[in-house]
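Note that these values count all heavy atoms, side chains included, but never hydrogens, waters or copies made by symmetry.
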Amino acid sequence: MFKSMKAILLFFAAGLVIATTVGLTYFAQRTVTESVMESEFAHAQAIVDAVYQEVNNQYQSIVFSEQSAISARKQQLQNIVGISIDLIRLNYNKFKQGLITESEAKKLSVEQLKNMRYDDGTGYIWINDDTAPIPRMIMHATMPDLDGKILDDPRFKGVMASKENLFATFSKIGTQYGSGFVEYLWPKPTKTGFSKEQPKLSYVELFKEWGWIVGSGVYIDDIEEEVNIRIKAVLQELRESFKKTRIGKHGYIFLFSGKPELVIHPVYEAIPIADLLNPETGKPLFLELKDAAHVEGVMEYLWDKPPRHKGDFTFRKRAYIKFFEPLDWYICSTAYMDDLEKPGHMLRNEITMLSIGVLALALFFAAILSSKIAQPLIKLTAAARAIREGGVSASEIPQEGPREIRELGTVISQMLESIKSAIEEKEQLLTALEDGNRQLSASNHQLEIKIQEHARVQQELIKLRNHQKNIIDSMPSILVGVDNGGAITLWNKGAANASGLDFETVSGKQLSTIFPQLDKEIAKVKKQIISGKNEQKVRIPRTVNGETRYENITIYPLISEGFDGAVIRLDDITDNVRIEEMMVQTEKMMSVGGLAAGMAHEINNPLGGILQGTQNIERRLKPGLAKNEQFARQLGIPLETLNEYMEQRGIFKILSGVRESASRAAGIITNMLNFSRKNDVHRTTCKLDELADSAVALAEQDYDLKKKYDFRKIEVVRDYQENLPLVICAPTEIEQVMLNLLGNAAHAMQESNCENPRLEIKIWQEGDYVATSISDNGPGMDENVRKRVFEPFFTTKPKGVGTGLGLSVSYFIITENHNGNFIIESTPGSGSKFTFKLPVSSPR
């Protein structure tokens, strides 16, 4: 290509400059671009983190302000009601001093409090009495039509969470605690009348001398309005901050919520966020940003570049998104990729212009240097080129020019003549030797490749075989492979653990011999191989060591070249079955609990009337009471004669029986109420082994001839783990559960005429729980009874002996009041075992 040294030198100089320029430009542009992008991306991420932290700080401040506002409003309510109580007491003292009558003191108090207003007229005072069960309104400042009425209207059932009568709740708090706060719904007075029911917080206090409940309240929306003002202020502050912040030249920050709503955006704030679509996917952009926020927090997409390129969605952007969960806000910072690449392009252009000047200077100096060196060697170069092109046969060597070149030509000519023959012989020998070496090297190389490939394939096969074996052995199921004759071909670790035999021992043997319970499945293998379909049998019961276990059995046919067989899989699903039963039991408890609560409230009132009526009848028949004697004399009936008649006719026994039956019904109702709701009882740290000993001591003292058993004659075995952790619980409730279990076990053993009645109490720690089990050697239970023992009113005891509420109440004490769990293990003829677990930490 180049025929002169001058051209070579010029090409070398130009190539060196161009190569250096290209390399320098490439690496400089790449380094600068990556550095700028990395810096701006870090800046964008830092901005998102800083905005997130600022929003979090502002939110915490708002939460604190809200709590402070509620606390301040509570203190304000206490002060207002306290002033009202002081005003009433002042009038009461005037009455006690004889200055005014009691009715005048009450009337004066009502008139004074009726006109009290605060909070722009929305705050006022009311007074109701403490009449049970439903109080009467003394004075209501905004609803005077209620004054003097019994407050039993259904619209007054607005107490949060309980839906009880509002004024009955006020009365209950005043009479039981003296004072307290209540949240409920109540219309808010406005300039045009009353609004719809609004959440309200009120404080009530009892004036005991007159039985007055004095109260006042504040509407929650007044507090929430202050919070909304703070949030709007935070948004305005962020909006001003976002306008001043830029990422690169055109990047910006925006904020949207999950409603969805575009909260802050420097360009599209007035546009519905659902209308902003990703031009690449056609989907709403905010949905894709939300998904990215919950994965990596980064997303790239095409968008326009306002203001010059608004609507031109061809510019690639990168967004960093962070989700602020308390306010459902998504904070985004974005940067345009071309803005970040621009500094690298500018650097490339500057390097290119500089390189052109350097190239021109290098070519100038190379031309001068080549002219000085190349001329004396042109002829010698031509002679050398002829020898190169013609080979050793080209013996004509130019012997012109300077003396050194002529002598060089002579020497070259003599050398060519002397070595011509030797070169020819050596070339022949070298050619033959090279051919042999080339063939031998090729053969060796092919052999080495085949050996390496064979070793690699063998290692891969061993690795694959071990991997497959590990997968099969790691499965919790029992996997057994058989051929079409029933001989074992596969045996995983689960099968080895279940049978106690390894694969080497059982390989080739009949499955019916090793696993007799699978004998029935062998006959189905050939059928499944022919059909090529899987077969599964679920929840197959099997008795193991006196315990019923459940299994799923699945047959997978295997059909391959020259081999027919199947894989049988066994899965123990006993725990799943028991969990399903517990879930069904819990749903029954919840539905029946709601029914029990309703029934209890409806029955309690007539029961109270029955009890009060029987007591009044007995009281009004007794001699010695003045009014009884008075009316008997007026009617001419001696009380002694009347009482003798009542005694002879057994009427007193009938009345006593009615009262006793009503009392027993009231006790049942109390159990129903305990069953349907959590009791607010005192909880403390307890040791379950001490509670168990206390329950046994109580059971030993509870001897009753009607029960026909003596607990002291039952052998009690205690097995307590040492150093048990303390459990936070209600001691009386847990003791009640243990007494129920001990009494049921004693009754069951007595009914079955057990010769050596025996109870075993075991307590141990199980992870974050402390477990307690009570086992007996009684008659046990069948499956139908075991599933229903926690149902309310279900009992196996004779009529009149049990109510069927003991175990249902115990179940709810453990599961609902203490966040524990309760299970039963029982087999007919093998006794029963009740186990409950309580968490070590507090359930509330």
Inset, instruction - To the nearest 0.5 angstrom, please state how far the CG atom of N128 sits from the CE atom of M137. - result: 5.5 Å

Inset, instruction - Would you give the length of the straight line joining atom CD1 of I83 to atom CD of Q78, rounded to the nearest 0.5 angstrom? - result: 12.0 Å

Legend entry - N821 side-chain N/O to T835 backbone N/O, donor-acceptor pair under 3.5 Å: no

Inset, instruction - For E647, look at atom CD and say whether over 12 heavy atoms of other residues, nucleotides or ligands are found less than 6.0 Å away. - result: no

Inset, instruction - May I ask you to test the I774-L742 pair for a side-chain heavy-atom distance under 4.5 Å? - result: yes

Legend entry - E644 atom CD, over 12 foreign heavy atoms within 6.0 Å: no

Legend entry - NZ or CZ of K74 within 45° of Y203 ring axis and under 6.0 Å: no

Inset, instruction - For M781 and P828, work out which heavy atoms get closest and say how close. - result: O-CD, 3.1 Å

Legend entry - Aromatic contact, F836 with H818 (centres under 6.0 Å): no

Legend entry - Approximate separation, where rounding is to 0.5 Å, of E715 CD and M749 CE: 10.0 Å

Legend entry - S826 side-chain N/O to G831 backbone N/O, donor-acceptor pair under 3.5 Å: yes

Legend entry - Closest approach of N740 to G806 (non-hydrogen atoms, all atoms of both residues): ND2-O, 3.3 Å

Inset, instruction - Might you confirm whether atom CZ of F652 has over 12 heavy atoms from other residues, nucleotides or ligands at distances under 6.0 Å? - result: yes

Inset, instruction - Check the surroundings of atom CD in Q630: do more than 12 heavy atoms from other residues, nucleotides or ligands lie under 6.0 Å from it? - result: yes

Legend entry - N777 side chain vs S830 backbone, donor-acceptor pair below 3.5 Å: no

Inset, instruction - Establish, yes or no, whether a centroid distance under 6.0 Å links the rings of F170 and Y184. - result: yes

Legend entry - Heavy-atom check, side chain of D130 versus side chain of P135, under 4.5 Å: no

Inset, instruction - Supply the atom-to-atom distance C686 SG to L838 CG, rounded to the nearest 0.5 angstrom. - result: 10.0 Å

Legend entry - Stepwise side chain to side chain contact (heavy atoms under 4.5 Å, CB included) check, V717 with L759: CA-CA 6 Å; V717 179; L759 279 172; over 6 Å; no

Inset, instruction - Might you confirm whether atom OH of Y645 has over 12 heavy atoms from other residues, nucleotides or ligands at distances under 6.0 Å? - result: no

Legend entry - S84 vs M116, side chain to side chain contact (heavy atoms under 4.5 Å, CB included): CA-CA, chis, key distance, verdict: CA-CA 9 Å; S84 302; M116 286 183 63; 4.1 Å; yes

Inset, instruction - Please name the pair of heavy atoms, one in N817 and one in I813, separated by the smallest distance, quoted to 0.1 Å. - result: CB-O, 3.3 Å

Inset, instruction - Kindly indicate whether the side chain of L113, heavy atoms from C-beta on, has any atom under 4.5 Å from the side chain of I127. - result: yes

Legend entry - Side chain proximity check, P154 to F156, heavy atoms < 4.5 angstrom: no

Inset, instruction - Could you tell me whether a side-chain N or O of S694 sits under 3.5 Å from a main-chain N or O of E690, the two making a donor and an acceptor? - result: no

Legend entry - Salt-bridge criterion met for R718 and D689 (N-O under 4.0 Å): no

Inset, instruction - Would you check if N91 and Q112 make a side-chain contact, meaning some heavy-atom pair closer than 4.5 Å? - result: yes

Legend entry - Under the salt bridge (charged side-chain N to carboxylate O under 4.0 Å, His left out) test, residues paired with K106 that sit two or more places apart: none

Legend entry - Centroid-centroid distance, Y92 to F207, less than 6.0 Å: yes

Inset, instruction - Locate the shortest heavy-atom distance separating L691 from C729; write the atom from each residue and the value. - result: CD1-SG, 4.3 Å

Legend entry - Nearest non-hydrogen partners of L739 and A695, listed with the distance: CD2-O, 3.3 Å

Legend entry - Parallel, tilted or perpendicular, as decided by the 30° and 60° cut-offs, for the rings of F822 and F790: tilted

Legend entry - Heavy-atom closest contact (A692 atom, M738 atom, distance): CA-SD, 3.5 Å

Inset, instruction - For residues N744 and L807, determine if any side-chain heavy atom of one lies less than 4.5 Å from a side-chain heavy atom of the other. - result: yes

Inset, instruction - Please assess E111 against K114 for the test salt bridge (charged side-chain N to carboxylate O under 4.0 Å, His left out), listing each intermediate value before the final yes or no. - result: CA-CA 5 Å; E111 292 300 326; K114 192 170 187 178; 5.5 Å; no

Inset, instruction - Keeping the roles fixed (side chain from S109, backbone from A105), state whether a donor-acceptor pair exists under 3.5 Å. - result: yes

Legend entry - Side chains of L688 and L724 in contact at under 4.5 Å (non-hydrogen atoms): no

Inset, instruction - To the nearest 0.5 Å, tell me how far I823 CD1 sits from S773 OG. - result: 9.5 Å

Inset, instruction - Hey, can you tell me if H140 and Y124 have their rings parallel, tilted or perpendicular (30° and 60° cut-offs)? - result: tilted

Inset, instruction - Run the salt-bridge test on R659 and E618 with the 4.0 Å N-O cut-off and return the result as yes or no. - result: yes

Inset, instruction - Could you walk me through whether V840 and Y769 pass side chain to side chain contact (heavy atoms under 4.5 Å, CB included), step by step? - result: CA-CA 5 Å; V840 175; Y769 291 81; 5.8 Å; no

Legend entry - Rounded distance [0.5 Å steps], CD1 in I173 versus CD1 in I213: 9.5 Å

Inset, instruction - Report the C-alpha separation of N643 and E640 in whole Å, then their side-chain angles, then the decisive distance to 0.1 Å, and conclude whether the side chain to side chain contact (heavy atoms under 4.5 Å, CB included) test is met. - result: CA-CA 5 Å; N643 273 272; E640 290 77 12; 5.8 Å; no

Legend entry - Residues E104 and K107 bridged, charged N to O under 4.0 Å: no

Legend entry - Pair E783 + R786: basic N to acidic O under 4.0 Å: yes

Inset, instruction - Report the residues that fulfil side chain to side chain donor-acceptor pair (under 3.5 Å) with E760, sequence neighbours left out, ordered by chain and then residue number. - result: none

Legend entry - Within-4.5 Å side-chain heavy-atom neighbours: I88 and W210: yes

Legend entry - E629 atom CD: more than 12 heavy-atom contacts under 6.0 Å: yes

Legend entry - Lys/Arg-Asp/Glu bridge criterion (N-O < 4.0 Å) met for K172, E164: yes

